[in-house]
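This report refers to the structure that appears directly beneath it.
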Amino acid sequence: MSQVQPPKVAPLAVIVTGLPATGKTTVARHIAYVHRLPLLTKDEIKETLFDQLGWGDREWSRGLGRAAGALLLQFLRAHAAAGLPCVIESNFPPESAADLLALRRQHPFRPFQVVCRTDGAELLRRFRARTGQRHPGHGDEQLLEELGPRLLAARYEPLDIGGVLWELDTTDWQSLDLSPLDAEITATLAAHAAA
């Protein structure tokens, strides 16, 4: 049996990240829809796990969050190994960079990181507005107390993983223009196809 050869050109991996309530999922879904790319979000995985395994205290939620993060990386690994572009979305902590770089060495991909940023006061308002609206397993009431100061500070460092870094101000949805981002992703995908 012949050995499977790795893809000749590393595929694009659009990595949408930022603080909670910055609109990451909305942006990721837009990118996936416009560019016809498979998408997996951390919250989708987590909510599936909640439905299958139940939900409990904050520590249980954190444990499922770690499992969801591992499954998100497995999704990226499978696509990179097959030479296929994809979109993943999560509020990746800084330590995720090491895991992504290790994965990139094993199965090369081209990172296109989209960092969503929102003014702190607006971020806190959005998080409060969605409290009680999401899956109860998230425990947003507890999270608000835990994350409130961090949301108000609105500080989030991009992942140090190389590739393209695109910072997107999502404070005002009404004036948000995603067409420059779409054009850049289209050009990057076209270059991959040509190669």
Is any side-chain heavy atom of [Y] closer than 4.5 Å to one of [X]?
| X | Y | value |
| --- | --- | --- |
| Ile185 | Ile31 | yes |
| His79 | Pro11 | no |
| Pro111 | Ile161 | yes |
| Leu37 | Cys86 | no |
| Leu168 | Leu176 | yes |
| Tyr156 | Thr17 | yes |
| Pro85 | His35 | no |
| Val16 | Cys116 | yes |

Separation of [Y] [atom2] from [X] [atom1] (nearest 0.5 Å):
| X | Y | atom1 | atom2 | result |
| --- | --- | --- | --- | --- |
| Leu19 | Arg126 | CG | CZ | 11.5 Å |
| Phe75 | Ile45 | CZ | CD1 | 8.5 Å |
| Asp177 | Asp182 | CG | CG | 8.5 Å |
| Thr48 | Glu44 | OG1 | CD | 7.5 Å |

Between [X] and [Y], what is the shortest heavy-atom contact and its length?
| X | Y | answer |
| --- | --- | --- |
| Leu159 | Ala97 | CD2-N, 4.1 Å |
| Asn91 | Pro20 | ND2-CG, 3.9 Å |
| Leu165 | Glu167 | CD2-OE2, 3.9 Å |
| Trp173 | Val27 | CH2-CG2, 4.0 Å |
| Ala67 | Leu49 | CB-CD1, 4.1 Å |
| Leu76 | Ala13 | CD1-CB, 3.6 Å |

Flag yes if [X] and [Y] sit in one hydrophobic cluster, no otherwise; membership is Ile, Leu, Val, Met, Phe, Trp, Tyr, and two members link when side-chain heavy atoms are under 4.5 Å apart.
| X | Y | answer |
| --- | --- | --- |
| Leu189 | Val114 | yes |
| Leu12 | Leu84 | no |
| Phe127 | Phe92 | yes |
| Phe109 | Trp166 | no |
| Val87 | Leu100 | no |

(request) Walk me through it: do Arg117 and Thr22 pass the test side chain to side chain contact (heavy atoms under 4.5 Å, CB included)? (result) CA-CA 6 Å; Arg117 298 195 181 280; Thr22 50; 5.9 Å; no
(request) Sort out for me which residue in Asp172, Thr171, Thr170 forms a side-chain hydrogen bond (donor to acceptor under 3.5 Å, both in side chains) with Thr118. (result)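 Looking at Asp172, Thr171, Thr170, the match for Thr118 under the side-chain hydrogen bond (donor to acceptor under 3.5 Å, both in side chains) is Thr170.
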(request) Tell me, yes or no, whether the heavy-atom count around Gln52 atom CD, taken from other residues, nucleotides or ligands under 6.0 Å, exceeds 12. (result)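 Atom CD in Gln52 is not crowded, with 12 or fewer foreign heavy atoms closer than 6.0 Å.
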(request) State whether the number of non-hydrogen atoms from other residues, nucleotides or ligands found under 6.0 Å of Asp160 atom CG is greater than 12. (result)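 Incorrect, the count does not exceed 12.
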(message) Under a plain distance cut-off of 3.5 Å, with no hydrogens placed, do Gln74 and Arg77 share a side-chain donor-acceptor pair?
(response)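 Yes - a donor-acceptor pair under 3.5 Å links their side chains.
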(message) For a quick check under 3.5 Å, do Lys46 and Ser61 share a side-chain donor-acceptor pair by atom type?
(response)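 Short answer, yes.
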(request) Please confirm whether the backbone N or O of Pro158 pairs with a side-chain atom of Gln113, one donor and one acceptor, at under 3.5 Å? (result)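 Side chain of Gln113 to backbone of Pro158: no pair is present.
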(message) Quick test of your reading of the model: are Arg66 and Glu95 salt-bridged, counting only N-O distances below 4.0 Å?
(response)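 Salt bridge: no.
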(message) Closer than 4.0 angstrom, basic N to acidic O: yes or no for Glu89 and Lys42?
(response)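 Looking at Lys42 together with Glu89, the answer is no, because their closest N to O distance does not fall below 4.0 Å.
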(request) Would you check, one step at a time, whether the test side chain to side chain contact (heavy atoms under 4.5 Å, CB included) holds for Phe112 with Ile15? (result) CA-CA 6 Å; Phe112 191 115; Ile15 300 166; over 6 Å; no
(request) Determine, step by step, whether Leu39 and Ile88 satisfy the side chain to side chain contact (heavy atoms under 4.5 Å, CB included) criterion, reporting the C-alpha distance in whole Å, the side-chain angles of both residues, the deciding distance to 0.1 Å, and the verdict. (result) CA-CA 6 Å; Leu39 162 69; Ile88 59 173; over 6 Å; no
(request) Go through Asp43 and Thr41 one step at a time and tell me if the side-chain hydrogen bond (donor to acceptor under 3.5 Å, both in side chains) criterion holds. (result) CA-CA 6 Å; Asp43 278 354; Thr41 76; over 6 Å; no
